[in-house]
Amino acid sequence: MKNIPEELLKPFNSKEVEASLYKVWEESGYFNPDNLPKIDGKERENPYTIILPPPNVTGVLHAGHALMLVVEDILIRYKRMQGFRTLWLPGTDHAAIATQSKVEKDIYKKEGKTRHDLGRDEMLKRIGEYAKESHDTITSQCRAMGSSLDWSREAFTLDDKRNLAVRTAFKKMYDDGLIYRGYRIVNWDPKGQTTISDDEIVMEERKGKMYTFKYSKDFPIAISTTRPETKVGDTACAVHPDDERYKEFIGKTYKCNFAGADIEIKIIADSSVEKEFGTGALGVTPAHSSIDWNIKERHNLPVRVVINEYAKMTADAGPLLSGKKVTEAREEVVKWLTLNNLLEKEEDVVQNIPTAERTGGVIEPLPKLQWFVAVNKQFNHFDKETTLKELMHNAVASGDIKILPDRFDKVYHHWIDNLHDWCISRQIWYGHRIPVWYKGEEIFCDINPPTGDGWSQDEDTLDTWFSSGLWTFSTLGWPAETSDLKFFHPTDVLETGYDILFFWVAKMILFSTYLLNEIPFKNVYLHGLVRDGQGKKMSKSLGNIIDPVEMIEKYGADALRMALIAGTGPGNDSKLSEDKIRGYKHFANKVWNATRFVLEKTNDLENIVTVDDLSENHKQYYKEWQERKADVTKDIEEFRLGMAAEKIYNYFWHTFADVIIEETKKEIMENKNKESAQSVLLHILREQLIVLHPFTPFVTEEVWKHIKKEEDGLLMVATW
RNA sequence: GGGAGAUUAGCUCAGUUGGUAGAGCAACUCGUUUACACCGAGAAGGUCAGAGGUUCGAGUCCUCUAUCUCCCACCA
């Protein structure tokens with residue numbers, strides 16, 4: 001007769017066991033696929049790989065990260081117990097602009113200094129320190145969630161190995177003509193003092209005014225615009241070729257003085273102009289609108305830059321406007337128009353203003369010399385003519401990559417269709433430096449710097465998503481041909497938020513298919529946003545943030561994990577409330593208590609009765625459990641994790657505890673079928689702990705100590 | 001302007017291929033001589049947004065409408 005262990009007599013206390021259990025797991029070496037125990041004396045043959053989407057080193061983990069960790073840990077733990085050689089590889093992201101602007105802000109607040117006051121080296125040192133601190137917080141939080149990550153393979157998007165991957169990728173694309181330097185309109189963020197990609201723009205709805213006017217009294221056609229200040233940069237006025245109203249003026253050039261600036265406007269015909277919109281005539285400002293830039297290309301018009309990097313008017317804007325901010329210049333122009341009786345109409349309109357995602361600055365389209373990835377260019381790819389766009393399309397259209405939920409297929413393809421060349425150079429300091437050197441007119445691009453004197457490296461850094469795009473294989477050692485790369489790539493699942501489908505998922509597909517001729521992952525599982533109990537977005541200003549760390553402190557990691565996953569599915573936003581977490585804390589305790597009870601009632605059992613020899617009703621219980629287990633297994637296989645969690649929860653509580661325990665309790669007390677009753681409890685409990693383990697690893701591993709057979713090891717490597 | 005999603009019990013949501021509506025929480029009644037009050041038993045609660053259609057049968061498929069949410073888009 002065994003005694004009930006002392007610690008089981010109290011309610012389950014997550015705080016007492018979690019840290020030490022994680023240590024036991026970590027020290028077992030089982031997080032590392034190279035150290036996993038054999039199955040029936042044989043090495044594990046099949047890989048199962050998930051690369052953790054690297055959290056930004058900009059702060060702490062939020063509920064969305066917590067959900068990501070739970071989903072991936074459930075999958076990994078499940079597959080590990082199924083005998084796969086599982087690798088879950090952790091890392092963090094330097095998040096270039098996000099991190100730099102955060103540190104810049106902090107420094108300005110505390111010391112009143114800008115990055116230029118500090119200089120490049122000092123600034124990078126300061127960002128590095130901040131990133132290190134963030135990194136440590138984040139990784140310890142990952143551990144607190146119970147994540148079975150292989151820390152021995154941890155990577156950082158800005159470490160030396162990843163830098164080599166970046167330089168190698170850049171060089172190859174440069175040689176293939178897929179990366180080029182071009183002078184064209186880019187999205188300039190005057191606040192962040194850098195270019196940004198189309199994806200990093202957030203459209204903001206604002207009230208504005210649409211002004212209709214003529215450049216001068218002699219000018220024959222009125223135009224409409226919401227940005228009259230840019231009109232000092234106009235070099236043409238475009239009308240539709242079929243527009244009868246304006247046909248007679250096409251080809252004529254007018255010299256005017258507009259708001260103090262001498263401009264020359266040629267009237268041209270272009271079919272992109274809509275006859276019905278406004279006056280049917282478009283003032284063409286090549287330097288400050290990308291549509292107009294395209295018109296300029298077709299008609300070979302001059303370019304007149306009237307706005308600078310600080311969103312101020314240049315000298316070319318004329319004496320009236322020069323040096324003024326664009327918003328001031330706008331008022332100035334309207335005043336001038338009114339004064340000169342040129343303003344025909346002024347209407348209130350709602351317009352979409354492009355702003356920078358990170359800084360909130362209003363984007364100023366400016367022509368600049370920048371680096372781009374050519375997405376539409378034909379090139380030879382493993383003996384086949386194709387384009388990067390086609391590679392991205394095919395990986396998903398062929399079914400090689402499955403996106404869950406599949407409605408995102410359409411969104412993905414639509415995004416590719418509308419994709420323009422990707423601007424990858426950034427005028428910030430924190431990031432991968434562009435591997436290009438200049439000497440006079442000479443340009444040199446290679447993995448390593450050129451020899452000889454007089455070369456200077458490009459000052460710019462790369463878009464953070466360039467290095468993130470290489471993530472599934474740069475983490476496995478690429479460009480080196482490592483055994484990890486061979487064995488673990490393509491990865492099995494990419495699990496991430498649907499909000500970064502374009503930023504990241506699409507770019508990983510681009511780089512992997514281009515560089516390796518291989519998909520980066522077989523499945524994309526897109527999780528939704530974690531909202532608060534009322535369905536509101538969590539935000540600091542609303543004060544409704546649920547801090548995962550605080551919740552773990554209060555209710556335990558198992559409770560938080562269950563609350564995050566239960567009842568959620570791919571692609572759908574979920575709601576998280578403290579009540580829900582509390583409810584699942586009760587569940588962890590239920591598991592704890594049920595185990596104690598079973599131990600108490602079975603401690604006099606000498607020999608466990610095999611399943612085949614159970615009495616009929618007990619056999620029936622076991623059979624029903626088997627069905628439930630198969631059901632849960634199928635749910636996990638098909639990524640219905642929320643459903644699986646609820647089913648196992650329900651079975652444990654309302655079938656095992658409420659029915660089976662209650663029924664066998666009587667039998668055991670009355671000595672009726674006692675050994676069979678005791679045995680069925682042990683059989684089912686044991687297997688339930690296995691099935692529950694991926695969801696609630698801590699409490700199950702803890703009670704497993706008392707339930708496991710002599711020869712059993714840790715629950716985390718028990719056989720499913 | 002284009003696209004997607006949501007609408008099921010007071011609240012939060014499940015409902016996998018069409019087969020007599022489910023869970024949790026809240027509220028109600030009762031119970032608790034010991035696994036657990038972080039408990040158990042029971043009862044109550046829904047014309048599944050609305051209208052049509054397909055079908056022997058529709059929450060589930062089709063069409064339309066309404067409301068809400070999100071994404072995409074260089075109409076100046």
Side-chain angles (χ1 to χ4, degrees), chain A residues 4 8-12 185 187 198-199 201-203 210-212 223-228 230-231 234 237-238 272-274 276-285 288-295 349 351-352 354 363 365 405 407-415 417-420 498-499 501-502 528-529 531-537 555-556 559 563 566-569 571-577 579-580 582-601 631 634-635 638-640 642-643 645-647 649-650 653-654 657-659 661-662 665 681:
Chain A
I4 302 306
L8 270 183
L9 296 174
K10 299 173 289 181
F12 175 57
I185 299 268
N187 308 307
D198 296 345
D199 295 329
I201 285 179
V202 179
M203 288 294 185
M210 171 89 82
Y211 303 94
T212 301
I223 54 160
S224 297
T225 182
T226 52
R227 298 199 60 184
T230 63
K231 298 293 108 183
D234 283 14
C237 172
S272 71
V273 180
E274 301 246 350
E276 274 68 47
F277 189 88
T279 60
L282 167 67
V284 183
T285 325
H288 303 290
S289 149
S290 43
I291 319 170
D292 296 6
W293 180 270
N294 293 339
I295 296 176
V349 290
Q351 49 178 352
N352 286 321
I363 296 301
R407 62 184 146 90
F408 280 98
D409 271 22
K410 219 189 264 179
V411 183
Y412 171 80
H413 289 296
H414 182 252
W415 175 80
D417 288 336
N418 287 317
L419 186 61
H420 301 290
Y498 61 73
D499 49 331
L501 181 64
F502 309 137
L529 246 54
R531 297 168 178 277
D532 75 357
Q534 274 72 51
K536 290 203 195 80
K537 216 168 178 169
Y555 305 107
T568 67
N572 290 330
D573 292 353
S574 55
K575 295 186 179 74
L576 181 67
S577 63
D579 277 347
K580 197 173 175 187
R582 192 182 297 116
Y584 285 108
K585 183 202 161 160
H586 297 172
F587 176 64
N589 192 54
K590 188 80 182 178
V591 172
W592 181 264
N593 275 311
T595 305
R596 173 180 39 193
F597 179 77
V598 170
L599 285 170
E600 271 172 16
K601 291 294 163 191
D631 208 15
K634 194 169 173 245
D635 281 338
E638 290 165 17
F639 297 103
R640 289 190 298 270
M643 181 117 273
E646 286 191 345
K647 278 181 185 164
Y649 166 93
N650 257 293
W653 200 313
H654 299 298
D658 290 348
V659 179
I661 284 185
E662 290 305 321
K665 189 192 278 182
L681 285 177

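All values derive from a computational prediction rather than experimental measurement. The figures here come from the full heavy-atom set of this structure, side chains too, leaving out hydrogens, waters and symmetry mates. All chains are named by letter (A, B, ...) in the order of the sequence lines, taking the proteins before the strands, and each is independently numbered beginning at 1.
- Looking at residues two or more places apart in sequence or on another chain, you find a side chain to side chain contact (heavy atoms under 4.5 Å, CB included) between A:Ser289 and A:Ile291, A:Asp292.
- A donor and an acceptor atom, one from each side chain of A:Ser224 and A:Thr212, are located under 3.5 Å apart.
- Per the geometry, NZ belonging to A:Lys580 stands 13 Å off C1' belonging to B:C11, to the nearest Å.
- A search for side chain to side chain contact (heavy atoms under 4.5 Å, CB included) contacts involving A:Thr226 returns A:Met210, A:Val349, A:Gln351, not counting sequence neighbours.
- Across the C1' atoms, B:U20 and B:G24 are found 24 Å apart, a figure rounded to whole Å.
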Between the protein and nucleotides 69-73 of chain B, which nitrogen or oxygen pairs come in under 3.5 angstrom?
from	atom 1	to	atom 2	distance (Å)
B:A73	N6	A:Asn352	ND2	3.1

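- You'll find a donor-acceptor pair under 3.5 Å spanning the side chain of A:Lys590 and the base of B:C36, going by distance alone.
- With sequence neighbours left out, A:His413 forms a ring-ring contact (aromatic ring centres under 6.0 Å, His included) with A:His393.
- Spacing of P atoms, B:C25 relative to B:C38, comes out at 13 Å, to the nearest Å.
- When rounded to the nearest whole Å, the span between CD1 of A:Ile291 and P of B:C74 equals 9 Å.
- Of the listed nucleotides (B:C39, B:A14, B:A76), B:A76 has the atom at the smallest distance from the side chain of A:Val273.
- The salt bridge (Lys or Arg N to Asp or Glu O under 4.0 Å) check on A:Asp573 picks up A:Arg531, with sequence neighbours excluded.
- With rounding to the nearest 0.5 Å, the separation of CD1 in A:Ile185 from CG in A:Asn294 is 8.5 Å.
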Open item on the list: As a check on the pairing definition, encode RNA chain B in dot-bracket form, counting Watson-Crick and G-U wobble pairs whose two distances are under 3.5 Å, and using | for partners outside this strand.
Closed with: (((((((..((((.....[..))))..((((.......))))......(((((..]....))))))))))))....
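- In this structure, A:Lys665 does not reach the B:G40 phosphate: none of its side-chain N or O atoms is under 4.0 Å from OP1 or OP2.
- No engagement by A:Met210 is indicated, since no non-hydrogen atom pair under 4.0 Å with the nucleic acid exists.
- Taking the C1' atoms as reference points, B:G59 lies 13 Å from B:G19, given to the whole Å.
- A:Lys585 meets the salt bridge (Lys or Arg N to Asp or Glu O under 4.0 Å) test with no other residue; sequence neighbours excluded.
- Residues satisfying the salt bridge (Lys or Arg N to Asp or Glu O under 4.0 Å) criterion with A:Arg582, sequence neighbours excluded, are A:Asp579.
- Ring orientation note: the planes of A:Tyr649 and A:Trp653 are tilted relative to one another, at an angle of 30° to 60°.
- Of the candidate nucleotides B:A14, B:C75, B:A41, B:C75 has the atom lying nearest to any side-chain atom of A:Glu274.
- One distance of note links CD of A:Glu638 with CE of A:Met643; it measures 12.0 Å at 0.5 Å rounding.
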TODO: Just do the side-chain contact (heavy atoms from CB on, under 4.5 Å) check on A:Leu419 and A:Phe502 with the steps written out, would you?
DONE: CA-CA 10 Å; A:Leu419 186 61; A:Phe502 309 137; over 6 Å; no
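- Rounding to whole angstrom units, CG of residue A:Asn294 and P of B:C74 are separated by 11 Å.
- Taking atom P in both B:C28 and B:U33, the straight-line distance is 22 Å, to the nearest Å.
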All N/O pairs under 3.5 Å across the protein-nucleotides 5-10 of chain B interface:
none

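- Not counting sequence neighbours, the partners of A:Lys665 by the salt bridge (Lys or Arg N to Asp or Glu O under 4.0 Å) test are A:Glu662.
- One P atom belongs to B:G46, the other to B:U8, and the distance between them is 14 Å to the nearest Å.
- Both A:Arg227 and A:Ile661 sit near RNA chain B, but only A:Ile661 has its closest nucleotide nearer the 5' end.
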Report, one pair per line, the protein and nucleotides 22-27 of chain B atoms (nitrogen or oxygen only) whose separation is under 3.5 Å.
from	atom 1	to	atom 2	distance (Å)
B:G24	OP1	A:His654	NE2	3.4

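- Within 4.0 Å (heavy atoms only), A:Ala238 reaches no atom of the nucleic acid at all.
- To the nearest angstrom, P of B:C38 lies 9 Å from CG of A:Asn589.
- Among residues two or more places apart in sequence or in another chain, the side chain to side chain contact (heavy atoms under 4.5 Å, CB included) test is passed with A:Glu274 by A:Phe277.
- Of all nucleotides listed (B:A35, B:C38, B:A76), B:A35 comes nearest to the side chain of A:Ala594.
- Residue A:Lys410 places at least one side-chain N or O under 4.0 Å from the OP1 or OP2 atom of B:A4.
- Residue A:His586 places no side-chain N or O under 4.0 Å from the OP1 or OP2 atom of B:C36.
- Going from atom CG of A:Asp199 over to atom CG of A:Asn187 covers 10.0 Å, rounded to the nearest 0.5 Å.
- Taking atom C1' in both B:G45 and B:G10, one finds a spacing of 9 Å when rounded to whole Å.
- Atom OH in A:Tyr412 sits roughly 18 Å away from atom C1' in B:G3 (whole-Å rounding).
- A:Glu662 comes within contact range of at least one nucleobase, with a heavy-atom separation under 4.0 Å.
- One finds the CZ atom of A:Phe408 at 7.0 Å from the CG atom of A:Leu501 (value rounded to the nearest 0.5 Å).
- Here B:C74 presents its P atom at 13 Å from CG of A:Asp417, a figure rounded to the nearest Å.
- Side-chain proximity of A:Pro11 to B:C39, B:C38, B:A76: nearest is B:C38.
- Going from the C1' atom of B:G18 to that of B:U67 covers 27 Å, rounded to whole Å.
- Look at the C1' atom in both B:A43 and B:U29: the space between them is 7 Å, to the nearest Å.
- Contact annotation: the side chain of A:Lys231 approaches that of A:Thr285 to within less than 4.5 Å [non-hydrogen atoms, C-beta and beyond].
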